[in-house]
Amino acid sequence: MEQERLHPHATGELSNLLYDICLAAKIISRQVRRAGLTDILGAFGTKNIQGEQQQKLDVFANETVRNAIHYTGRVCVTASEEDDEPVPVPAGQRAGKYVVVFDPLDGSSNIDVNIPIGTIFSIYRRVSRNGPGNAKDCLQAGRHQVAAGYVLYGSSTMLVYTTGKGVHGFTLDPTIGEFLLSHPDIKTAPVGGYYSINESNFDRWSPAVQRVITNWKKGEGGIKPKNMRWVASLVADFHRNLLAGGVFIYPTDSKSPQGKLRLVYECAPMAFICEQAGGAATDGHRRILDIVPDTLHQKTPLVIGAKADVEYATEIIAAEPVTA
Ligand code: AFP
């Protein structure tokens with residue numbers, strides 16, 4: 001509400017859309033919290049377009065987010081990691097001016113072992129004129145985001161979001177069912193004490209990435225040695241670095257020549273949040289928010305977190321000669 005007051009011409013529609021997403025987050029949070037007690041753990045029995053096994057909770061979260069926002073008249077199309085193509089609002093529903101892209105449950109491989117997972121979302125204004133939205137609405141450069149956020153189902157459930165006026169964190173109070181402002185105006189450290197990477201891929205990285213990580217581990221040229229943390233849920237690793245100071249990398253490697261993470265519904269929203277908190281995000285060459293996606297599920301390498309660390313890694317990776 002405070003943010004809305006900063007925009008004198010706001011109609012309240014964006015706030016209402018954020019409330020719709022909060023409702024979905026509360027429903028997913030309730031299901032995650034009781035997961036070991038209900039029949040919601042394990043594989044759903046289908047694969048998504050990426051060829052990944054869909055978990056029951058992935059499918060539940062996907063439907064929950066879509067159902068919370070498709071029937072409000074506020075959005076024209078949604079797109080998700082779990083859907084092959086963008087999903088326009090159903091025929092007969094009023095199509096609104098917003099577009100929502102999301103990863104309903106990031107870190108799926110952590111679901112069954114009770115390790116933090118998250119939901120990531122990003123909101124754009126539609127570029128199509130009217131009627132149900134289309135793929136073009138979902139393929140905008142990240143710098144055009146109106147809002148982005150994530151929900152972390154961790155030791156408590158937290159919503160962290162930005163509308164381009166700083167980053168704010170809310171903790172779900174389960175006794176009243178509301179997200180309460182607990183972390184106003186989050187700023188991240190300019191230099192991190194932590195790095196997060198799947199170090200088992202070391203032998204598959206380029207020499208430049210190996211050099212960056214070795215230097216961070218050992219300390220080099222005035223850099224203090226960094227400690228390592230890897231949860232293997234982007235939301236959890238990113239959140240930790242945002243609050244404690246650190247940098248997250250998922251680079252290209254010989255097994256994943258485009259990287260592993262998705263530009264549209266994972267990297268772009270996190271990049272918007274990170275920049276708003278004073279950090280930075282690149283693909284090792286370009287600012288993530290400047291990349292115009294060609295396809296919905298396109299992958300990108302990602303370096304994100306403390307500004308000085310991202311700049312250091314980007315300088316070394318970008319200077320590496322391109323090998324055939
Ligand atoms: P899953 O959803 O398949 O668990 O992948 C999670 C993720 O996209 C991201 O959240 C993690 O940072 C990263 O992949 C973990 O990758 P590794 O499996 O290489 O550790």
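These numbers come from the heavy atoms of this one structure, side chains and all, not from hydrogens, waters or symmetry mates. Order of appearance sets the numbers: ligands from 1, and atoms from 1 within every ligand.
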Self-check item: Which residue and heavy atom of the protein sit nearest atom 4 (O) of ligand 1, plus the separation
Solution: S109 OG, 2.9 Å
Quiz item: Is a side-chain N or O of N201 found less than 3.5 angstrom from the main chain of R204, in a donor-acceptor match?
Solution: no
Quiz item: How far does SG of C22 sit from CD1 of I27, to the nearest 0.5 angstrom?
Solution: 11.5 Å
Self-check item: Per-atom contacts, ligand 1 versus Y250 - under 4.0 Å to a heavy atom
Solution: 16 (O), 17 (P), 19 (O)
Quiz item: Looking at F248, Y265, Y150, which hits side-chain contact (heavy atoms from CB on, under 4.5 Å) with M270?
Solution: Y150
Quiz item: Which is closest to atom 17 (P) of ligand 1 by heavy-atom distance: D253, N198, I120?
Solution: N198
Quiz item: To which protein heavy atom is atom 3 (O) of ligand 1 closest, and what is the distance rounded to 0.1 Å?
Solution: K260 NZ, 4.0 Å
Quiz item: What distance do K187 atom NZ and Q276 atom CD have between them, rounded to the nearest 0.5 Å?
Solution: 7.0 Å
Quiz item: Below 3.5 angstrom, do we get any N/O pair linking L105 and ligand 1?
Solution: no
Self-check item: Separation of L159 CG from L180 CG (nearest 0.5 Å)
Solution: 11.5 Å
Quiz prompt | Gap separating the OG atom of S200 from the CG atom of D253, nearest 0.5 angstrom | solution = 9.0 Å
Self-check item: Donor-acceptor contact present, side-chain Q298 to main-chain Q258, <3.5 Å
Solution: no
Quiz prompt | Proximal atoms of ligand 1 relative to W230 (non-hydrogen, under 4.0 Å) | solution = 12 (O), 15 (C), 16 (O), 20 (O)
Exercise. Quick one: look up the protein heavy atom nearest atom 11 (C) of ligand 1 and list residue, atom name and how far away it is.
Key: A232 O, 3.5 Å
Quiz item: So which bit of L261 gets within less than 4.0 Å of ligand 1, heavy atoms only: side chain, backbone, both or neither?
Solution: side chain
Quiz item: With a 4.0 Å heavy-atom cut-off (strictly under), which part of F248 contacts ligand 1: side chain, backbone, both or neither?
Solution: side chain
Quiz item: Under a 4.0 Å heavy-atom limit, does S233 contact ligand 1 with its side chain, its backbone, both, or neither?
Solution: backbone
Quiz item: What residue and atom, counting heavy atoms only, is the protein's closest point to atom 2 (O) of ligand 1, and at what distance?
Solution: S108 N, 2.9 Å
Quiz item: Salt-bridged, E275 to R287, with N to O below 4.0 Å?
Solution: yes
Quiz item: In ligand 1, which numbered atoms sit nearer than 4.0 Å to a non-hydrogen atom of L234?
Solution: 9 (C), 10 (O), 11 (C), 12 (O)
Practice problem: Could you tell me whether ligand 1 has any atom less than 4.0 Å away from a heavy atom of D106? | Solution: yes
Quiz item: Can you tell me if T188 uses its side chain to pair, donor with acceptor, with the backbone of L242 under 3.5 Å?
Solution: yes
